[in-house]
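Reviewing the structure listed below.
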Amino acid sequence: MGFSMRQGPVSQPQPMAEINMIPLVDVMLVLLVIFIITAPLMQQAAPVDLPQVSASALEDKPRVLRVALDAGGAVQVDEQAVGWEEVPTVLRAAAADGADPELQLYADRRTAYEQVARLIAAAQDAGLARIAFVTEPLANP
């Protein structure tokens with residue numbers, strides 16, 4: 001804070017119309033010193049000469065098992081009709097591949113919850129841990 005000795009009546013002090021620049025300069029100098037110290041640290045400390053190889057990138061696409069359940073309770077696995085008694089066998093065979101497939105469940109909105117729960121239980125018994133419910137977006141959000 002600055003004080004000014006100006007001419008004028010004692011009862012009316014005149015406001016100071018100057019900005020004190022010293023604190024601003026101090027802060028800027030501190031920031032400049034911090035930047036000068038940290039800038040070299042952002043570069044790699046030791047250059048490393050990496051080996052060069054000609055290998056292709058691996059395609060790691062997870063296997064997707066599409067299971068559709070219609071309103072009547074019929075089951076389709078990868079677009080092939082499967083009876084309820086065959087569902088555990090088909091799901092175990094898919095889980096035994098070792099690829100840890102993701103089960104995508106397409107259930108009709110009129111499907112009884114009991115059928116959906118039965119299918120999820122069969123998938124869990126088969127060892128499938130990744131189960132996704134496929135839905136459609138709302139027509140009028």
Side-chain angles (χ1 to χ4, degrees), residues 1-6 8-141:
M1 189 180 278
F3 293 100
S4 164
M5 302 298 253
R6 297 188 183 202
V10 177
S11 63
Q12 294 179 345
Q14 297 293 322
M16 189 172 142
E18 300 170 0
I19 297 175
N20 194 354
M21 296 293 290
I22 294 175
L24 178 65
V25 171
D26 290 344
V27 169
M28 294 305 295
L29 286 175
V30 169
L31 290 176
L32 180 64
V33 169
I34 290 172
F35 178 74
I36 289 172
I37 291 172
T38 59
L41 299 176
M42 292 182 190
Q43 298 176 358
Q44 186 176 0
V48 178
D49 188 18
L50 297 175
Q52 296 179 356
V53 295
S54 60
S56 62
L58 296 176
E59 293 291 326
D60 246 6
K61 293 183 181 179
R63 184 169 184 272
V64 175
L65 186 65
R66 290 179 174 84
V67 178
L69 188 60
D70 67 3
V75 180
Q76 291 182 354
V77 177
D78 287 335
E79 299 181 7
Q80 294 179 357
V82 176
W84 275 104
E85 58 279 346
E86 299 170 5
V87 168
T89 308
V90 171
L91 294 179
R92 277 193 203 98
D97 290 346
D100 191 27
E102 175 182 314
L103 187 137
Q104 291 183 350
L105 180 58
Y106 295 81
D108 192 281
R109 72 177 64 204
R110 295 177 300 264
T111 304
Y113 179 72
E114 179 183 2
Q115 301 295 326
V116 175
R118 183 177 170 192
L119 187 61
I120 291 172
Q124 289 177 342
D125 288 342
L128 297 171
R130 298 174 18 177
I131 301 173
F133 290 90
V134 180
T135 61
E136 291 182 0
L138 290 173
N140 295 325

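Remember, it's a predicted structure, so these values are computed and weren't measured experimentally. Only this structure's heavy atoms are used, side chains among them; waters, hydrogens and symmetry mates stay out.
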### Message
Holding to side chain to side chain donor-acceptor pair (under 3.5 Å), I want the full list of residues that pass it with Arg130, two or more places apart in sequence or in another chain.
### Response
Glu102
### Query
If you measure from CG on Leu31 to CD1 on Ile36, what distance do you get to the nearest 0.5 Å?
11.0 Å
### Task
Write down the atom of Ala95, the atom of Ala126, and the distance for their closest heavy-atom approach.
CB-O, 3.3 Å
### Message
Please give me the minimum heavy-atom distance between Pro101 and Ala94, naming the atom from each residue.
### Response
CG-O, 3.6 Å
### Message
As an exercise, state the distance from CD1 of Ile120 to CG of Asp125, rounded to the nearest 0.5 Å.
### Response
12.0 Å
### Task
Working to the nearest 0.5 Å, report the span between CD1 of Ile37 and CG of Leu32.
10.0 Å
Donor-acceptor pairs are to be reported for all side-chain atoms of residues 74-93 against protein atoms at under 3.5 Å, with residues two or more places apart or in another chain.
| residue | atom | partner | partner atom | Å |
| --- | --- | --- | --- | --- |
| Asp78 | OD1 | Arg66 | N | 3.1 |
| Trp84 | NE1 | Gly73 | O | 2.7 |

### Task
Could you tell me whether the side chain of Asn20 reaches within less than 4.5 Å of the side chain of Glu18, counting heavy atoms only?
no
### Query
Around atom CD1 of Ile22, are there more than 12 heavy atoms of other residues, nucleotides or ligands at under 6.0 Å?
no
Validation: residues 109-118 side-chain donor-acceptor distances under 3.5 Å, sequence neighbours left out:
| residue | atom | partner | partner atom | Å |
| --- | --- | --- | --- | --- |
| Thr111 | OG1 | Leu69 | O | 3.4 |
| Thr111 | OG1 | Asp70 | O | 3.2 |
| Thr111 | OG1 | Asp108 | N | 3.3 |
| Thr111 | OG1 | Asp108 | O | 2.9 |

